[in-house]
Amino acid sequence: MDTIRVSTEVPGSSKSTSQSLTESTSRTETINGSHEFKISGYSLVKGMGIGKYVASDTFMVGGYSWAIYFYPDGKSPEDNSVYVSLFIALASEGADVRALFELTLVDQSGNERHKVHSHFGRTLESGPYTLKYRGSMWGYKRFFKRSLLESSDYLKDNSLLVRCCVGVVKSRTEGPRSYNIQVPVSDLGQRFGKLLESGKGADVNFEVDGETFPAHKLVLAARSAVLRAQLFGPLRSENTKCIIIEDIQAPIFKDFLFTSVQSGTFSWGGAPVLKYYSPGIRCCSILYTWTNCLICKT
């Protein structure tokens, strides 16, 4: 059970009854995901026109679909194609999706001098960015000066590599949780009965009317305080590996043994003697010194 209930008494209060305190926690975190977008054939997409773009395949993060947009001639006419533009866009239906973003132009020389614009790892004055609807974007119109880009290590084999990380902000409230677990009916008695019937691991034998019945001391001791004393107590019998039972028929003793071990009513007082009943009545046929018969209730 995960439910925690704390009772507190207000200091100085004269009330004898305690007050119940419940708790809950609001947790806000980001679900993060990344995508790499390779732009191959850069020289062929250059000059496609201001506001024209190439887009990545969509990818899922935090239950929303996203896409990267690269504008080789820039997104705004006022920049006159001096800069390339790079944006991340919400590609699925959604309203007021709050997220953190990171756009990285990868240094392909191996020097790890990547050009990174990131929300992660720093305090944002206005909090995470909010995308209002499908097609909303976050990014930079002047991400990189095109003339510098074309002479840099970011461009290799006529291709660029862009890496994008998205962290979708999710909030949830956690409170006490209760679970209803149905406990199955115990079949311990039936299992003891099967163990007794199999004879596996038996360490004591009952000899009754020429027949031998193997049993288990620990099981018998667990099901009967009298047997526990007889088998393990200070006054236990000298021979606890073979116990001879007289004046009782073997089938009746077997019924008694199996029924009592499974039900947990195995109680054995003094020396058992034969007890007679009217024809058709099957009982334990044991007369107890300390207690009445637990099966026939006499």
Side-chain angles (χ1 to χ4, degrees), residues 1-37 55-70 86-106 114-141 143 162-192 194 222-223 262-264:
M1 296 285 289
D2 288 336
T3 301
I4 300 175
R5 299 186 182 279
V6 181
S7 295
T8 61
E9 186 171 339
V10 179
S13 174
S14 59
K15 296 181 180 179
S16 58
T17 58
S18 61
Q19 296 180 351
S20 177
L21 174 67
T22 59
E23 297 179 351
S24 62
T25 302
S26 173
R27 298 190 183 279
T28 302
E29 55 193 4
T30 58
I31 299 175
N32 301 334
S34 298
H35 183 79
E36 280 193 351
F37 177 36
S56 71
D57 194 6
T58 57
F59 56 96
M60 296 294 297
V61 178
Y64 297 97
S65 182
W66 306 87
I68 303 170
Y69 287 76
F70 175 71
L86 188 63
F87 285 83
I88 174 73
L90 179 63
S92 61
E93 296 299 331
D96 295 331
V97 179
R98 301 174 71 239
L100 303 178
F101 302 104
E102 181 176 278
L103 288 171
T104 302
L105 187 58
V106 178
H114 312 306
K115 182 173 178 61
V116 182
H117 291 277
S118 178
H119 287 158
F120 294 91
R122 62 189 182 94
T123 302
L124 301 175
E125 183 177 349
S126 301
Y129 192 81
T130 301
L131 291 89
K132 297 291 186 180
Y133 47 83
R134 180 178 182 178
S136 297
M137 292 183 169
W138 175 86
Y140 294 87
K141 294 179 181 178
F143 185 79
V162 175
R163 186 179 298 130
C164 176
C165 180
V166 179
V168 178
V169 178
K170 294 281 189 178
S171 297
R172 69 181 188 276
T173 300
E174 297 177 352
R177 292 178 292 178
S178 299
Y179 301 97
N180 293 324
I181 301 176
Q182 185 176 2
V183 180
V185 178
S186 175
D187 60 350
L188 184 61
Q190 287 79 2
R191 291 181 181 272
F192 278 155
K194 290 180 180 179
R223 307 295 269 179
Q262 293 188 49
S263 65

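Numbering of residues begins at 1 and proceeds along the displayed sequence.
A pairwise comparison of heavy atoms in Gly167 and Asn32 identifies CA-OD1, 3.1 Å as the closest pair. Taking each heavy atom of Thr58 and Ser65 in turn, the nearest pair found is CB-OG, 3.3 Å. Across all non-hydrogen atoms, the minimal contact from Val166 to Val61 is O-CG1, 3.5 Å. Of all heavy-atom pairs spanning Ala89 and Gly135, the tightest one is CB-O, 4.5 Å. Nearest heavy-atom pair across Asp96 and Lys132 is OD1-CD, 3.1 Å.
A donor-acceptor distance shorter than 3.5 angstrom exists from the side chain of Arg134 to the backbone of Ala91, with no hydrogens or angles considered. With Ser56 contributing its side chain and Ile68 its backbone, the two residues share a donor-acceptor pair below 3.5 Å.
Once rounded to the nearest 0.5 Å, the distance linking OG1 of Thr25 with CD of Glu174 reads 6.5 Å. To the nearest 0.5 Å, atoms NE2 (His119) and OG1 (Thr30) are separated by 13.0 Å. With rounding to the nearest 0.5 Å, the separation of CZ in Phe87 from CZ in Phe70 is 12.0 Å. Rounding to the nearest 0.5 Å places CG of Leu86 at 10.0 Å from CE of Met137. Rounded to the nearest 0.5 angstrom, His117 NE2 and Phe143 CZ are separated by 5.0 Å.
Among Leu103, Thr104, Val106, Leu105, the one residue that satisfies the side-chain contact (heavy atoms from CB on, under 4.5 Å) test with Val116 is Thr104.
For Lys170, the NZ atom sits in a packed shell: over 12 heavy atoms of surrounding residues, nucleotides or ligands are nearer than 6.0 Å. Within 6.0 Å of OH on Tyr140 lie more than 12 heavy atoms contributed by other residues, nucleotides or ligands. Within a 6.0 Å radius of NZ in Lys141, other residues, nucleotides and ligands contribute 12 heavy atoms or fewer.
Side-chain contact between Ile88 and Trp138 is present, with at least one heavy-atom pair separated by less than 4.5 Å. A 4.5 Å side-chain heavy-atom check between Tyr64 and Leu131 finds every atom pair outside the cut-off. Between Val162 and Glu36 there is no side-chain heavy-atom pair separated by less than 4.5 Å.
In this structure, Phe101 and Trp66 have perpendicular ring planes: the angle between them is above 60°, well past the 30° mark.
Judged as a side-chain hydrogen bond (donor to acceptor under 3.5 Å, both in side chains), and not counting sequence neighbours, Ser92 has no contacts.
Taking a cutoff of 4.0 Å between a charged side-chain nitrogen and a carboxylate oxygen, Glu102 and Arg163 do not qualify as a salt bridge.
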